[in-house]
Amino acid sequence: MSADGIGGRLVVVGIGPGDEAMVTPQARAALAGATDLVGYGPYLARLAVGPEVVVHASDNRVELERARHALGLAASGRVVAVVSGGDAGVFGMASAVFEAIEQGDPAWRGLDVSVVPGISALLAAAARVGAPLGHDFCAISLSDNLKPWEAVERRLVAAAGAGFVMALYNPASSARAWQIGRCFEVLRAALPGEVPVMFARAVSRADELVTVTSLSAADPAMADMRTLVMVGTAETRVIARADGRSWVYTPRGVAAS
Ligand code: SAH
């Protein structure tokens with residue numbers, strides 16, 4: 001029971017980019033302790049779930065509704081794990097849970113709510129190619145489902161101007177096909193063509209595909225909904241490896257200009 005006398009617990013859990021070995025022991029323990037799992041169907045499908053656990057799978061578009069449902073379950077005394085891929089706080093379910101708490105039943109503020117961090121796609125993707133996030137960076141979602149596309153373009157231009165490496169989440173989907181092409185157009189006007197670009201698709205899964213190219217050569221068709229696109233800065237370096245692949249790193253410091 002929490003201080004306010006309503007039972008149940010809710011834990012928001014990031015389960016990493018796909019590989020079992022990238023689910024942290026803390027996330028595993030939180031999942032093992034849950035009576036109910038709530039989340040996007042494909043993420044839940046990745047988990048081995050005991051027969052006594054109730055699974056509430058939903059599609060990807062109903063985050064707030066899903067968060068309210070989870071809070072209602074917790075308030076009724078269940079131990080609920082809300083599951084996100086990667087880290088739940090990075091374009092995941094954690095914000096939806098807090099938005100629902102802020103707007104919802106005041107009793108929800110008395111619930112025992114916690115967040116367990118996970119390995120976000122940007123960390124898993126960066127590790128595959130070396131150290132592209134070695135200096136200042138930002139993460140931008142290219143999805144315009146929850147914000148106007150103009151805001152995306154403004155942020156891309158600002159990040160390019162400020163010298164941030166960019167991790168671009170949600171670069172494309174069947175319903176959002178043109179955004180990544182437009183993104184490259186905007187960035188080509190703001191950055192040198194040699195800036196390294198990485199397409200990291202399905203990192204840590206069986207069909208992983210990681211490609212290193214340049215901003216001038218970057219082909220929007222390389223991105224799909226399971227791809228993290230990373231755009232370097234003018235300082236980001238590419239090292240050719242003996243086997244034809246490349247390392248990419250961003251030096252830890254930049255010279256005074
Ligand atoms: N909370 C997640 C992000 C959810 S948004 C996290 O922290 O990683 C969904 C986007 O994440 C996808 O469109 C893709 O850009 C990225 N993504 C998630 N898993 C990925 C993986 N295994 N490989 C590459 N990108 C991934």
Side-chain angles (χ1 to χ4, degrees), residues 17-18 40-43 58-64 66 84-96 99 120-126 128-129 132-133 136-205 207-234 236 248 250:
Y40 174 44
Y43 293 148
S58 57
D59 77 26
N60 213 2
R61 295 240 172 182
V62 290
E63 274 132 355
L64 200 53
R66 196 193 298 158
S84 264
D87 179 82
V90 179
F91 309 122
M93 279 299 295
S95 295
E99 197 176 329
S120 188
L122 99 179
L123 298 174
R128 284 294 191 255
V129 296
L133 304 177
D136 300 338
F137 65 90
C138 65
I140 299 176
S141 169
L142 293 193
S143 169
D144 51 358
N145 291 337
L146 295 169
K147 64 188 166 193
W149 177 253
E150 297 67 51
V152 178
E153 287 202 10
R154 246 187 348 262
R155 287 172 193 178
L156 291 169
V157 170
F164 289 122
V165 173
M166 287 171 237
L168 304 175
Y169 285 75
N170 297 309
S173 72
S174 48
R176 291 182 302 101
W178 57 265
Q179 282 84 344
I180 181 68
R182 175 67 192 145
C183 163
F184 287 144
E185 269 174 40
V186 167
L187 293 179
R188 283 179 189 129
L191 290 169
E194 315 78 65
V195 160
V197 170
M198 289 139 279
F199 293 91
R201 183 191 299 157
V203 173
S204 86
R205 307 197 183 182
D207 54 343
E208 172 176 312
L209 180 66
V210 178
T211 309
V212 177
T213 178
S214 65
L215 183 56
S216 57
D219 175 2
M222 299 284 299
D224 65 9
M225 65 181 296
R226 300 189 310 146
T227 306
L228 189 287
V229 179
M230 228 178 255
V231 180
T233 68
T236 304
V248 181
T250 304

Taking only distance into account, with no hydrogens and no angle test, what donor-acceptor pairs under 3.5 Å do side-chain atoms of residues 89-96 form with protein atoms, sequence neighbours excluded?
none

Next on the checklist: Are Met230 and Leu133 packed together at the side-chain level, in the sense that at least one heavy-atom pair is separated by less than 4.5 angstrom?
Outcome noted: yes
Checklist outcome for this item: Between the CZ atom in Arg155 and the CG atom in Leu142, the distance rounded to the nearest 0.5 Å is 12.0 Å
Item to check | OH on Tyr40 to OG on Ser58, rounded to 0.5 Å | outcome: 9.5 Å
Checklist entry - By side chain to side chain donor-acceptor pair (under 3.5 Å), which residues pair with Arg226, not counting sequence neighbours? => result Asp207
Next on the checklist: If I compare all heavy atoms of Ser143 with all of Val152, which pair ends up nearest, and what's the gap?
Outcome noted: O-CG2, 4.5 Å
Item to check | Any residue meeting ring pair (Phe, Tyr, Trp, His ring centres under 6.0 Å) with Phe164, in chain and number order, not counting sequence neighbours | outcome: none
Item to check | Pairs where residues 166-187 contributes a residue and the test salt bridge (charged side-chain N to carboxylate O under 4.0 Å, His left out) is met, not counting sequence neighbours | outcome: Glu153-Arg182, Arg182-Glu185
Checklist entry - If every non-hydrogen atom of Thr250 is compared with every non-hydrogen atom of Pro132, which pair is closest and at what distance? => result OG1-O, 2.6 Å
Item to check | Those residues that, when tested against Ser216, pass side chain to side chain donor-acceptor pair (under 3.5 Å) (two or more places apart) | outcome: Ser214
Item to check | Point-to-point distance, once rounded to the nearest 0.5 Å, from OG of Ser174 to CE of Met225 | outcome: 7.5 Å
Next on the checklist: Quick test of your reading: applying side-chain hydrogen bond (donor to acceptor under 3.5 Å, both in side chains), list the pairs with at least one residue in residues 160-169, sequence neighbours left out, ordered by first then second residue.
Outcome noted: Ser120-Tyr169
Item to check | Which atom of Ile180 lies closest to which atom of Ala223, heavy atoms considered | outcome: CG1-CB, 4.2 Å
Checklist entry - Rounded to the nearest 0.5 Å, how far apart are CD of Gln179 and CG of Asp144? => result 4.5 Å
Item to check | Test side-chain contact (heavy atoms from CB on, under 4.5 Å) applied to Ala158 - qualifying residues, sequence neighbours left out | outcome: none
Item to check | Gap separating the CD1 atom of Ile140 from the CG atom of Asn170, nearest 0.5 angstrom | outcome: 12.0 Å
Checklist entry - Looking only at heavy atoms, what is the nearest atom pair of Asp219 and Phe184, with distance? => result C-CE1, 4.4 Å
Checklist entry - Of all residues at least two apart in sequence or in a different chain, which pass the side chain to side chain donor-acceptor pair (under 3.5 Å) check with Asp136? => result none
Checklist entry - Rounded to the nearest 0.5 Å, what separation is found between the CG atom of Leu168 and the OG atom of Ser141? => result 9.0 Å
Checklist entry - Restricting to pairs with a member in residues 210-229, which pass ring-ring contact (aromatic ring centres under 6.0 Å, His included), not counting sequence neighbours? => result none
List the atom pairs, donor and acceptor, that lie under 3.5 Å between side-chain atoms in residues 187-204 and the rest of the protein, sequence neighbours left out.
unit_1 : atom_1 : unit_2 : atom_2 : d
Arg188 : NE     : Leu215 : O      : 2.9
Arg188 : NH2    : Leu215 : O      : 3.1
Arg188 : NH2    : Ala218 : O      : 2.9
Arg201 : NE     : Asp224 : OD2    : 3.4
Arg201 : NH2    : Met222 : O      : 3.3
Ser204 : OG     : Asp19  : N      : 2.9

Next on the checklist: Please determine whether side-chain contact (heavy atoms from CB on, under 4.5 Å) holds for the pair Val165 and Val231, giving the CA-CA distance in whole Å, both sets of side-chain angles, and the decisive distance to 0.1 Å.
Outcome noted: CA-CA 6 Å; Val165 173; Val231 180; over 6 Å; no
Checklist entry - Under the ring-ring contact (aromatic ring centres under 6.0 Å, His included) rule, what pairs show up with a residue in residues 136-160, not counting sequence neighbours? => result Trp149-Trp178
